[in-house]
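Values in this document were obtained by computation on a predicted structure and should not be read as measured data. Counting starts at 1 for both ligands and their atoms, in listed order.
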Amino acid sequence: MAVVSSAHSAIFSKASLFHHINGFKRFTFCLPFSSSAAASLSTKKKWRQPVASSVLELGGTKIAKDDVVRDDPTNNVPDTIFSKLGMQLHRRNNHPLGILKNGIYEYFDTNYPNMFDKFDDLCPIVSVKQNFDDVLVPADHVSRSYNDTYYVDSQTVLRCHTSAHQAELLRGGHTHFLVTGDVYRRDSIDSTHYPVFHQMEGVRVFTPESWEGSGLDPTSFAADDLKKSLEGLAHHLFGAVEMRWIDAYFPFTNPSYELEIYFKEKWMEVLGCGVMEQEILKSNGRSDSVAWAFGLGLERLAMVLFDIPDIRLFWSNDERFTSQFSKGQMGVKFKPFSKYPPCYKDMSFWISESFTENNLCEVIRGIAGDLVEEVTLIDNFTNKKGMTSHCYRIAYRSMERSLTDEEINDLQWNVREQVQNKLNVVLR
Ligand code: DAH
C-alpha cells in the first residue's frame with residue numbers, strides 16, 4: 001500500500017485549518033446552503049428525514065437529537081453527523097483507533113509513570129470560545145467559517161480539534177494531560193478524509209523549578225523536552241525510523257513544529273506541536289509556567305500502522321474488518337477482504353456565488369453515505385458571460401459488497417436532484 005500522504009489527521013491535510021503560515025485564507029461567512037434555499041426550507045418540504053428521537057449521553061451530558069440538529073440558519077449539522085455522535089471509536093479496545101490510543105498511553109505510562117491524566121470522554125459539543133477563542137484562533141481565521149466547522153448555533157460547535165479542551169483542563173489544575181476524542185470538520189471527500197475523525201492532544205506544564213539550573217530559557221527548555229518526548233513516541237509507534245522537525249505555524253503555540261518520519265520511502269507528517277502561547281497559560285492561572293502541547297490525528301497514523309486503505313473502514317461493522325483487530329495488537333496489517341469495483345458518475349453545473357465544495361460533499365454524503373468514495377473536480381471553466389461551470393466525478397464504491405447499476409443510478413439521480421435544489425446551481 002502506498003503511504004497515505006495527503007491524509008486526514010486533518011492537522012496536516014490539504015484542508016488543514018491551522019498550519020498555514022499566515023494561513024488566513026479568504027474568509028467568507030458562508031452559510032451551509034444558499035439563503036434562498038434556506039428560506040424555502042420553512043415553506044417547502046424539509047430535507048431532513050425525521051429520525052426517532054434518541055438521547056445520547058456524552059461526557060456525562062444528556063443530548064437529544066434536536067439539541068444538535070435544527071432547522072435554523074445558524075445550524076449546519078446534518079443527520080449523518082448526528083448519527084456519529086457518541087460512537088467513540090477511540091474507546092473500543094479492539095478497534096484500530098482504540099488500540100493506537102492505548103499504544104500511546106502505554107508510551108506515556110512507561111516513560112512518565114502516573115504523570116499524565118487521561119481524558120477520552122469529554123463532550124464534543126463545545127462553545128465557540130473553547131474551540132477558537134481560548135486557543136487564540138484569530139477572529140477572521142478560515143476555520144471559524146460555516147463552510148469548515150459544524151455549528152450547533154452561533155455560539156456552539158462540534159469541536160474541530162481536541163485543543164478545544166486545553167484551557168478548561170489547565171484551569172482545572174491539570175498540568176500533564178492527554179485528551180482523545182472525536183472531532184468534526186466539514187471537508188471534501190476522498191479515501192483519507194471523513195467529516196468525523198479522532199485526535200489526541202497532549203499538554204505538559206513546567207513550573208520554574210524545572211528549568212532553573214538547566215541553563216536554558218524556559219521556552220528552549222520546553223521545546224527541548226517536547227522534542228525528546230515526541231521523538232520517543234514516534235520510535236515507540238514506528239520503530240527505528242528517521243525523523244525531522246519542520247517549522248510550522250499554529251495560533252496556540254510559538255515556536256511551532258511538525259514532526260515527520262521517513263516511512264515506506266516517504267516523509268510523512270506525524271503530528272503538530274509547540275511551546276504553548278504564554279497568553280493561554282496566563283489566562284488560565286499559570287502565568288509563572290511554560291508548557292508544551294501536541295496534537296495528532298489517530299486515523300492518519302492508524303492507516304499507516306495497520307495498512308488500512310480507506311478511512312471509511314474505521315466505521316465499518318463488517319466482521320471481516322472488525323475481527324482482524326484485537327486489544328493490544330498494535331500494527332497488525334489489515335488484509336483487504338476483497339476490492340469491489342468503483343463506479344464513476346460525472347455531473348456538471350453552473351455554480352452560484354455561494355457554492356462551495358464542502359457543501360456539495362455534504363449533500364452527496366447525505367444521500368450516498370459511506371458508499372461515496374471520492375468527489376473530484378475534473379473540469380472548471382468560466383464562459384464569456386462570467387458564468388462558471390464545474391464538473392465533478394463521483395466515485396461510488398462500497399467497502400463491503402458490489403453495488404448494482406440500479407442502486408447507483410438511483411443514488412446519482414437523487415444527488416442531481418438535491419444538488420440542484422439545495423445548492424442553488426443549474427445542472428447542465
Ligand atoms: N489543533 C491542531 C489541529 O487540529 C493540532 C495541534 C497542533 C495541536 C499543535 C496542538 C499543537 O496542541 O501544539 O490542526
Side-chain angles (χ1 to χ4, degrees), residues 6-21 23-25 90 104 108 116 119 122 124 126 128 130-138 141-145 148-150 157-170 174-187 192-206 219 222-223 225-227 229-230 233-234 245-260 269-281 284 290-301:
S6 74
H8 198 353
S9 74
I11 315 171
F12 317 106
S13 70
K14 61 183 158 59
S16 172
L17 300 186
F18 299 116
H19 89 312
H20 308 275
I21 303 232
F24 314 145
K25 292 192 247 161
H90 59 286
I104 301 174
F108 282 96
F116 281 83
F119 300 89
L122 299 178
V126 300
V128 165
Q130 286 171 295
N131 198 70
F132 297 120
D133 304 333
D134 284 355
V135 282
L136 313 180
V137 175
H141 195 279
V142 62
S143 62
R144 292 185 184 243
S145 72
D148 286 35
T149 290
Y150 289 106
V157 296
L158 302 185
R159 69 183 162 214
C160 72
H161 56 171
T162 43
S163 308
H165 299 288
Q166 280 189 8
E168 70 192 81
L169 291 173
L170 287 171
H174 297 280
T175 55
H176 298 71
F177 55 86
L178 302 171
V179 181
T180 314
D182 36 327
V183 299
Y184 297 77
R185 293 188 193 174
R186 302 185 83 238
D187 213 333
T192 62
H193 291 82
Y194 201 80
V196 189
F197 60 103
H198 299 77
Q199 288 188 329
M200 186 189 291
E201 189 84 6
V203 170
R204 177 172 187 182
V205 180
F206 297 95
T219 303
D225 189 84
L226 169 70
K227 289 183 174 178
S229 308
L230 294 179
L233 174 62
W245 289 98
I246 309 287
D247 288 329
Y249 166 82
F250 299 101
F252 17 91
T253 46
N254 186 18
S256 305
Y257 311 98
E258 280 168 7
L259 175 59
E260 294 190 348
E269 296 147 5
V270 173
L271 51 80
C273 64
V275 178
M276 190 180 284
E277 281 286 0
Q278 205 56 37
E279 195 181 328
I280 301 178
L281 287 162
N284 296 288
V290 286
W292 56 240
F294 72 84
L296 55 80
L298 292 177
E299 274 82 350
R300 177 192 184 77
L301 299 187

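- For the pair L230/W245, a side-chain contact is recorded, criterion being any heavy-atom separation below 4.5 Å from C-beta on.
- Side-chain N or O atoms of R300 include one that pairs as donor or acceptor with a backbone N or O of E269 at under 3.5 Å.
- Between the side chain of T162 and the main chain of T180, no donor-acceptor pair closer than 3.5 Å is present.
- In terms of modelled atom types and a separation under 3.5 Å, the side chain of R185 and the main chain of C160 share a donor-acceptor contact.
- Crowding of E168 atom CD: a count of heavy atoms from other residues, nucleotides or ligands under 6.0 Å exceeding 12.
- At least one heavy atom of Q199 sits less than 4.0 Å from an atom of ligand 1.
- Interface atoms of ligand 1 facing G295, defined by a heavy-atom separation under 4.0 Å, are 6 (C), 8 (C), 10 (C), 12 (O).
- At a 4.0 Å heavy-atom cut-off, ligand 1 touches A293 through backbone and side chain alike.
- Relative to atom 11 (C) of ligand 1, the option among F197, W292, F252 with the closest non-hydrogen atom is F252.
- Of all atoms in ligand 1, listed by their number and element, those nearer than 4.0 Å to a heavy atom of C273 are 9 (C), 11 (C), 13 (O).
- Per-residue contacts place G274 under 4.0 angstrom from the following atoms of ligand 1 (heavy atoms of the residue considered): 13 (O).
- No side-chain donor-acceptor contact under 3.5 Å links H198 to the backbone of E299.
- Here the side chain of E258 pairs no donor or acceptor atom with the backbone of A248 at under 3.5 angstrom.
- Between H174 and F119, the ring centre distance stays below 6.0 Å.
- Under 4.0 angstrom from ligand 1, there are no non-hydrogen atoms of M200.
- Residue-level proximity to ligand 1 for E201 is carried by the side chain, the only part with a heavy atom below 4.0 angstrom.
- The ligand atoms of ligand 1 that sit less than 4.0 angstrom from a heavy atom of T253 are 13 (O).
- In summary, the atoms of ligand 1 found under 4.0 Å from a heavy atom of Q166, numbered by their order in the structure, are 12 (O).
- Contact annotation: R159 has no heavy atom less than 4.0 Å from any atom of ligand 1.
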